[in-house]
Each structure stands twice: as C-alpha cells, then as structure tokens.
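Comments concern the structure below.
From a predicted model like this one, the values you see are computed outputs, not experimental measurements.
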Amino acid sequence: PFWIFGGAMMPFSVETHLCVLLVLFFVPLLPSALAVFVGALLAVVTARMKRKELVQTIFFILVIVAACLLPVLTSGTGDGTAIESPLELPAWLRAPFEKFWAACVFAAGSAAVFSLPCVFIGKNFARLNTMILTRKSSSAYKKKELKTSGKVRALFRKEIKALFSCPEYSINALSGTIIAVLVPVILIVTVRGEFSDLRAAVFANSALIAPYFTAFMLFSSLTPTTYCSISLEGKSLWILRSAPLDGGQVLLSKMLVHLAAETLPGVLVAAVFGGVLGFGFFYVLSSVLCVAAMSAALGGFALLLNLRFPVLEWEKISVPVKQSRSCLFSMLVSFAGLGLVLLIGALCASVNAWLGAVMMPLFCFACLFLSLGLLSACGRKLYDRLLR
C-alpha cells in the first residue's frame, strides 16, 4: 500500500523509496530484540515462582497499559499545554527516511542491537534452560478442608484459571478489553480543562457519536475467549468427555468466562463513560444493550467456530491461540459485527436520532438469538462428535 500511494499520489524519489524499504524491513528488529531480552529475563526470574504464569500475564498486561499511557503522559510540553504539531518529527528522526546513508546506518544499528541478545542467549542457552526448568523443592503439604462445588461453577473456575495462567491466551483474548477501558480514560485525561466543552459537543451530537462509541466498546469482544477454548483442551479433551458432564454444561462454562472477562467490562465501560462523556440516558441505555447483546453473540459465534474447526493436536500453545482457522474466522466475524452495528447506527441516526438508538439494539439482539439458536441446535452435536 505504501508503494502504491507513494508512486501514484506523491512525488517520492527513488532514494526515498530505498530508504523506506530499508527502514520498514529493519524496524521490527528493535522491538524483537527487546522482546527476546525481556522474555528471557522474565522466564528466568519467574522460573521458581509458584504462580509464574499469572505473574507473566500481569506483566504483559501492564506493558500494554504502559504502551497506551506513555504517549499521553509525554504529549505535553511541560507547562500543561499540548504540542501544536505532535506528528512533526525531529530532523534526526526523519533522516533515515530521506537519506540513503542514514537508512543504512539505521539498518546496521538495528541488526547489531538485535544480534546482541540472540548471541548472548545462544551461548548461554543450556545454563538459562536449566535455571528455567529446575525448581526448588515444593513446600510441605498442608491439609485443607475439602470443598464441594456445582459442575458449572467448577468448570467456570477451571476456565478462568486457564485464561489467566496462559499469557498467550490471556493477552490475545483480553487485549481488546484493555483497549476499550483505557481509551476513554486517555480521552478524558488529554482534554483536561476542555472537558466541559467536550461534554457539550458530545451531548449536542449524541445521535451520530453514539454508534461510533458503541462500536468501539465492542472492541472488548474482538477476540472472544471462546475462539480457542475448546482447542486448548488439546489431547486431554477425552478426560473432560469422560467426566459425568453434559455437553451443554461445558459450553455454558466457556460462555460464562467470555461474559465475565469481556462482555461485563464492555457493558460497565459503556455505561460509565457514556454518562461521563455526556450521552443522554436513552443513548447510554442503547449502547449498553448493544454491547451486552452483540458481545454475547460474538462469544457464541466464536465458540461455534472453534467447535467446527478444533485444533486438538498441538505441541505449542501458539497454534490454537494464534494460528488456527477458528481464530481467523472469529476475528472476521467480530469485525463484521462491529462494522454492521456502526453502519446501521450511523445510517439510521442520519434519518432520525431515535431510530438509530432503537435499530442498533434490535440488530444486536437478533444476532444474539441467532447465536444462541445455533449453539442450542448445533453446539452439542459438534461437541459430541469431537474425538470420535
């Protein structure tokens, strides 16, 4: 896309094209080098921790939060005023895009920085691997009172532990929720003294802004937790199948995790920030109903896709989490649902302010009923066919 735009729309020189080619090719090496170093350090530090997966998950979530907040915290000039042109880059940072020699220096520097952690970890791999795999002897066993629990409740606790004990799974599933929570906070922080003006502008244009706000809140369900929850059972699925559990109970527990981890935060953020930003009660209610219904629907569709395209034979957890067809298809369905909500809301609001706020929830509840109907009719059958 860059070369189509640059060649057809902008008079870029040959030197600029070569510079951008080098820069774009070598830019990923810097964050990759940081990831290799931090990942190895984190693995060594948490190797002997009892809850190392949970610690790693919390660390990665904090990294995402920091990455979102850092531009906001550094966007001021120091005297409380915003930078007039935040996209204006300093001359030394523009040089690799304009001068070929500067692009070559950047490429060589990126390659050198990337090679350092790779060479270090490569030479010390055996020692590091030993430190990671060996643990201290476990503490003495303490007798605890045996607690009973209902089947669905026990399955729900199992699924919640699986979500937060696997960093790859939790980051992919919860990144949308983190963004949906942080962006309104960042918006309110950045406007600072002009917040009253922002509220007045939002209130005056609620009919048109509400569909965009609702669609953005649905980012919390962009990758539902259910899109790989069946695949994560892996080769041990037969144990779950052998337990005295009904297929409906298993599917319900996986849906409940999605509702608790993604739907509920999206609903709360839509209600709280919808009111704080100045939407009227009717628009806030419409947004809350849309987010609740469409988020639950997306979770049901993702669960169906995972039942239809399960990946039970895997060695690395990244396969079901990032490289499965259910992952790709569920993201496409989520984007389609988000786009349709925005399109219906914007088109109807342009005709009548109340029409958009009514049609969006109706469409979302129609998707929810379709999702629940398919789960009821096909979900159990697909689950019963697994491992046959």
**Request:** List in chain and number order the residues that pass salt bridge (Lys or Arg N to Asp or Glu O under 4.0 Å) with Arg380, two or more places apart in sequence or in another chain; answer none if no residue qualifies.
**Result:** Asp246
**Asked** In chain order, what residues pass the salt bridge (Lys or Arg N to Asp or Glu O under 4.0 Å) check against Lys158, with sequence neighbours excluded?
**Response** Glu233
How close do [X] and [Y] get, heavy atom to heavy atom, and via which atoms?
{"X": "His258", "Y": "Ser295", "result": "NE2-O, 2.7 Å"}
{"X": "Leu382", "Y": "Arg308", "result": "CD1-N, 4.3 Å"}
{"X": "Leu303", "Y": "Ser229", "result": "CD1-OG, 4.0 Å"}
{"X": "Met294", "Y": "Gly337", "result": "CE-O, 4.4 Å"}
{"X": "Ser110", "Y": "Leu29", "result": "O-CB, 4.1 Å"}
{"X": "Tyr283", "Y": "Ala207", "result": "OH-CB, 3.7 Å"}

Point-to-point distance, once rounded to the nearest 0.5 Å, from [atom1] of [X] to [atom2] of [Y]:
{"X": "Met331", "Y": "Asn172", "atom1": "CE", "atom2": "CG", "answer": "8.5 Å"}
{"X": "Leu305", "Y": "Ile230", "atom1": "CG", "atom2": "CD1", "answer": "12.0 Å"}
{"X": "Thr263", "Y": "Met255", "atom1": "OG1", "atom2": "CE", "answer": "7.0 Å"}
{"X": "Phe106", "Y": "Cys19", "atom1": "CZ", "atom2": "SG", "answer": "11.5 Å"}
{"X": "Lys151", "Y": "Gln249", "atom1": "NZ", "atom2": "CD", "answer": "5.5 Å"}
{"X": "Leu218", "Y": "Leu342", "atom1": "CG", "atom2": "CG", "answer": "10.0 Å"}

**Request:** Go through the steps to decide whether Leu256 and Phe156 satisfy the test side chain to side chain contact (heavy atoms under 4.5 Å, CB included), and finish with yes or no.
**Result:** CA-CA 7 Å; Leu256 289 176; Phe156 175 77; 3.7 Å; yes
Got a donor-acceptor contact below 3.5 angstrom from the [X] side chain to the [Y] backbone?
{"X": "Thr226", "Y": "Gly299", "result": "yes"}
{"X": "Ser371", "Y": "Cys367", "result": "no"}
{"X": "Ser324", "Y": "Val311", "result": "no"}
{"X": "Ser170", "Y": "Cys166", "result": "yes"}

**Message:** Testing the 3.5 Å rule here: is there a donor-acceptor pair between the side chains of Asn306 and Ser231?
**Reply:** yes
Any side-chain heavy atom of [X] sitting closer than 4.5 Å to one from [Y]?
{"X": "Val291", "Y": "Thr214", "value": "yes"}
{"X": "Leu298", "Y": "Leu338", "value": "no"}
{"X": "Phe309", "Y": "Leu328", "value": "no"}
{"X": "Val358", "Y": "Ser286", "value": "no"}

Test of understanding: clusters of I, L, V, M, F, W, Y form through side-chain heavy atoms closer than 4.5 Å, transitively. Do [X] and [Y] belong to the same one?
{"X": "Phe100", "Y": "Val23", "result": "yes"}
{"X": "Leu372", "Y": "Val152", "result": "no"}
{"X": "Val319", "Y": "Ile317", "result": "yes"}
{"X": "Leu285", "Y": "Leu362", "result": "no"}
{"X": "Leu355", "Y": "Leu343", "result": "no"}

**Prompt:** Where do Ser32 and Phe114 land on the side chain to side chain contact (heavy atoms under 4.5 Å, CB included) test, with the steps shown first?
**Reply:** CA-CA 7 Å; Ser32 297; Phe114 178 73; 3.8 Å; yes
**Item:** Sequence neighbours excluded - ring pair (Phe, Tyr, Trp, His ring centres under 6.0 Å) pairs with any residue from residues 18-54
**Value:** none
**Message:** I need the full list of ring pair (Phe, Tyr, Trp, His ring centres under 6.0 Å) pairs touching residues 164-183, with sequence neighbours left out, sorted by first then second residue.
**Reply:** none
**Request:** Please determine which of Phe273, Tyr212, Phe213 meets the ring-ring contact (aromatic ring centres under 6.0 Å, His included) test together with Phe279.
**Result:** Phe213
**Request:** Please step through side chain to side chain contact (heavy atoms under 4.5 Å, CB included) for the pair Thr223 and Ser330, ending with a clear verdict.
**Result:** CA-CA 7 Å; Thr223 50; Ser330 64; 5.9 Å; no
**Message:** Does anything in residues 334-363 form a side-chain hydrogen bond (donor to acceptor under 3.5 Å, both in side chains)? List the pairs, not counting sequence neighbours.
**Reply:** none
**Request:** Take Leu374 and Phe301 through the test side chain to side chain contact (heavy atoms under 4.5 Å, CB included) and record every step on the way to the result.
**Result:** CA-CA 8 Å; Leu374 291 175; Phe301 287 133; 4.1 Å; yes
Do any side-chain atoms of residues 174-182 form donor-acceptor pairs under 3.5 angstrom with protein atoms, and if so which ones, sequence neighbours left out?
residue, atom, partner, partner atom, Å
Ser175, OG, Ile171, O, 3.3
Thr177, OG1, Ser220, O, 3.2

